[in-house]
Colleague: 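Shown below is the structure under consideration.
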Amino acid sequence: MLSGLMMDYPLTLNTIVEHASRMTPRKTIKTKQPDGAWREYSYADFHRRVKKLGNVLEALGVEPGDRVATFAWNNYQHLEFYFGIPCAGAVVHTLNIRLSHEQLKFIIEHAEDKVIFVEGSLLPLIEPIADQLKTVKRYVLFNLAEGQSSSLPNVSHYEDLMAAASDEYDWRCDDETMAMGLCYTSGTTGMPKGVLYSHRSMMLHTLGVLQAAALGPTEADVALAVVPQFHAMAWGLPYACAWVGATIVMPGPHLQPAPLADMIERERVTIAAGVPTIWNGLYHELRQKPRDISSVTQLVVGGSAMPRGLIEAYERDFGVNVVHAWGMTEMSPIGSVAKLQTRHQELDAHGRWDIKAKQGYFVPGVDARIVDEDGKELPWDGATMGELQVRGYWVVGQYYKIENDRQHFTDDGWFRTGDVVTIDGDGFMTITDRTKDLVKSGGEWISSVDLENMLISHPAVLEAAVIAVPDERWGERPLAVLAPLDGGHDPQTLNNYLLERFPKFWLPDAYIVVDEIPKTGVGKMDKKVLRQWHADGKL
Ligand code: ADP
């Protein structure tokens with residue numbers, strides 16, 4: 001073999017901070033703080049603070065490879081942790097603030113977190129379990145309210161440590177294969193599992209996000225990450241935006257529709273990313289009280305399926321382009337994006353919305369296949385459903401501390417996503433369901449996602465979740481749980497509505513009305529809870 005003769009330049013995250021501080025030193029990072037005031041500083045300041053943080057971590061005794069957790073909203077401090085912790089050779093572990101005490105304790109113990117950075121307003125969520133967190137040697141607090149104190153043991157204050165630290169620092173991430181980040185899946189389908197990213201995989205993912213075929217932010221963008229930084233690394237947006245020096249807007253705890261609408265208008269946001277629930281709420285807010293959100297060029301949505309009706313409504317009512325993407329914590333997380341391609345330009349508006357409602361094509365860097373229950377590969381014909389398997393530069397190779405995992409990985413090196421999909425001849429993927437959510441009635445599959453999307457496009461329905469419930473005759477039958485918007489959600493009306501698209505056997509056996517569909521820690525409908533409610537006779 002003749003080896004290539006190019007440099008072996010490590011793919012490590014310090015490259016991003018250095019680059020931003022030289023190329024776009026005056027561009028800024030803005031945060032809406034807990035008290036509502038804005039705090040803004042430059043990438044040059046950011047660079048200095050990340051270096052200070054390196055010294056702070058060393059002084060705290062953090063060694064390369066140690067896990068250092070964050071318990072925070074989206075803000076500039078959290079962005080400093082995103083870079084400072086991995087650039088000090090340690091692993092930034094983003095804890096999901098919405099988990100139960102039991103799950104939090106499980107995850108912190110499993111990760112063996114040594115230090116946790118905790119935001120003031122979130123102290124009450126972690127204080128009650130602190131005496132059980134044996135691995136944690138220090139809590140570093142920030143954003144405390146005036147006069148706020150804490151019952152946590154071994155506490156330091158972030159700004160005090162930073163004030164005392166030098167901004168001269170030698171990065172400690174010298175090997176691209178070092179672990180840099182740890183995210184646990186949100187547990188929609190079971191106990192959380194840890195995904196341990198390396199510098200290399202995260203840098204390649206960042207390059208992946210920067211492709212025009214993916215999200216492609218540039219220096220000119222103003223990016224608002226509504227998706228929490230604890231949800232799959234805020235979908236890689238902070239790393240990508242920092243590398244090119246885009247303006248970053250962090251919403252802090254202000255995630256309700258009204259402040260988000262104000263923020264987008266005030267900051268002239270161009271790229272905003274969040275789950276469908278967030279954009280659903282924003283849409284209704286804007287209908288009630290209009291704001292100018294015409295600056296938005298990409299309203300990025302993923303995490304669960306974006307209803308086609310909402311994609312259409314954003315474009316029709318506000319002229320806003322929705323970019324539907326699919327990903328997983330296990331994929332760092334970007335997998336596919338539904339941007340229109342040349343052949344779609346000739347479609348009429350309805351045809352284009354059909355395409356944009358799909359989960360889209362796999363971005364360069366991700367390889368995919370679909371297989372049947374026996375692992376046999378299935379055709380890409382847009383109709384055959386199978387389990388999606390993926391591999392690529394930023395796809396998980398093994399869960400943290402789980403070895404010989406035949407359930408999630410195939411013998412020939414693919415990761416089993418647990419999503420059931422079709423892929424058409426042009427590589428466009430549509431998610432029909434998760435393997436655990438499909439309804440199997442009389443031997444036929446019914447897609448809960450298709451039913452939900454259709455139900456939510458009905459003007460009387462705000463939210464809809466369809467679950468499989470056991471049935472003596474058919475094995476399983478669909479049951480729809482609805483949060484209504486207006487009157488007109490009686491079963492007959494909804495059945496007639498569904499019959500426009502689906503065969504009769506797809507009709508839910510019952511419609512149950514609730515005030516709100518329960519959500520997981522990252523804002524997805526929690527069907528596990530619904531199934532439990534049903535089993536307990538609560539529905
Ligand atoms: P969890 O697995 O705990 O829900 P993730 O956020 O990693 O946490 O979820 C990944 C899953 O979310 C995917 O496997 C898929 O089922 C679902 N998902 C992500 N994006 C989309 C999308 N655009 N449309 C439909 N489902 C999606």
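Keep in mind that the numbers below use all heavy atoms, side chains included, and drop hydrogens, waters and symmetry copies. For clarity, every value in this text was computed on a predicted model and none was experimentally measured. Order of appearance sets the numbers: ligands from 1, and atoms from 1 within every ligand.
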Colleague: Using a strict cut-off of 4.0 Å, indicate which atoms of ligand 1 neighbour a heavy atom of H231.
Modeller: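 The atoms of ligand 1 under 4.0 Å from a heavy atom of H231 are 6 (O).
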Colleague: Any chance CH2 of W353 has more than 12 other-residue heavy atoms, nucleotides or ligands included, within less than 6.0 Å?
Modeller: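 Yes - once you tally the heavy atoms of other residues, nucleotides and ligands closer than 6.0 Å, there are more than 12.
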Colleague: Suppose I only count heavy atoms of A325 and a 4.0 Å limit; which atoms of ligand 1 are within that range?
Modeller: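 Under 4.0 Å from A325, ligand 1 has these atoms: 20 (N), 22 (C), 23 (N).
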Colleague: Contact between P333 and ligand 1, counting heavy atoms under 4.0 Å?
Modeller: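 Judged by the 4.0 Å heavy-atom criterion, P333 does not count as contacting ligand 1.
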Colleague: Judging by distance only, is a nitrogen or oxygen of I431 under 3.5 angstrom from one on ligand 1?
Modeller: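 The answer is no, given that I431 and ligand 1 share no N or O pair closer than 3.5 Å.
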Colleague: Side chain, backbone, both or neither: which part of A305 has a heavy atom under 4.0 Å from ligand 1?
Modeller: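 The answer is both, backbone and side chain.
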Colleague: Might you confirm whether atom OH of Y393 has over 12 heavy atoms from other residues, nucleotides or ligands at distances under 6.0 Å?
Modeller: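 Incorrect, the count does not exceed 12.
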Colleague: Counting only heavy atoms from other residues, nucleotides and ligands, does the tally under 6.0 Å from CZ of R200 exceed 12?
Modeller: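 No, not enclosed.
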Colleague: What's the spacing between D354 CG and I311 CD1 if we round to 0.5 Å?
Modeller: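 If I round to the nearest 0.5 Å, the distance is 9.5 Å.
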Colleague: Would you mind running through ligand 1 and noting each atom that sits below 4.0 Å from a heavy atom of H324?
Modeller: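 Atoms satisfying the 4.0 Å criterion: 22 (C), 23 (N), 24 (N).
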Colleague: Is the NZ or CZ atom of K358 both under 6.0 Å from the centre of the six-membered ring of F428 and within 45° of that ring's axis?
Modeller: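 No, K358 does not lie over the aromatic ring of F428.
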Colleague: Based purely on interatomic distance, does T329 place a nitrogen or oxygen under 3.5 Å from a nitrogen or oxygen of ligand 1?
Modeller: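 N/O-N/O distance below 3.5 Å exists for this pair.
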Colleague: Please indicate whether R501 has more than 12 foreign heavy atoms, meaning atoms of other residues, nucleotides or ligands, lying under 6.0 Å from its CZ.
Modeller: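 Open.
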Colleague: With heavy-atom distances below 4.0 Å as the criterion, list the atoms of ligand 1 near G303.
Modeller: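 What qualifies from ligand 1 is 12 (O), 17 (C), 18 (N), 19 (C), 20 (N), 21 (C), 27 (C).
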Colleague: With a 4.0 Å cut-off on heavy atoms, is D419 in contact with ligand 1?
Modeller: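 Judged by the 4.0 Å heavy-atom criterion, D419 does count as contacting ligand 1.
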Colleague: Can M306 be said to touch ligand 1, with heavy atoms closer than 4.0 Å?
Modeller: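 No, that is not the case, since the closest heavy atom of the residue is not under 4.0 Å from the ligand.
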Colleague: Does M328 reach ligand 1 with a nitrogen or oxygen that is under 3.5 Å from one of the ligand's nitrogen or oxygen atoms?
Modeller: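 Not met; the criterion fails.
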Colleague: Would you confirm whether K339, through its side chain, and A212, through its main-chain N or O, come within 3.5 Å as a donor-acceptor pair?
Modeller: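 Yes, K339 side chain to A212 backbone: donor-acceptor pair under 3.5 Å.
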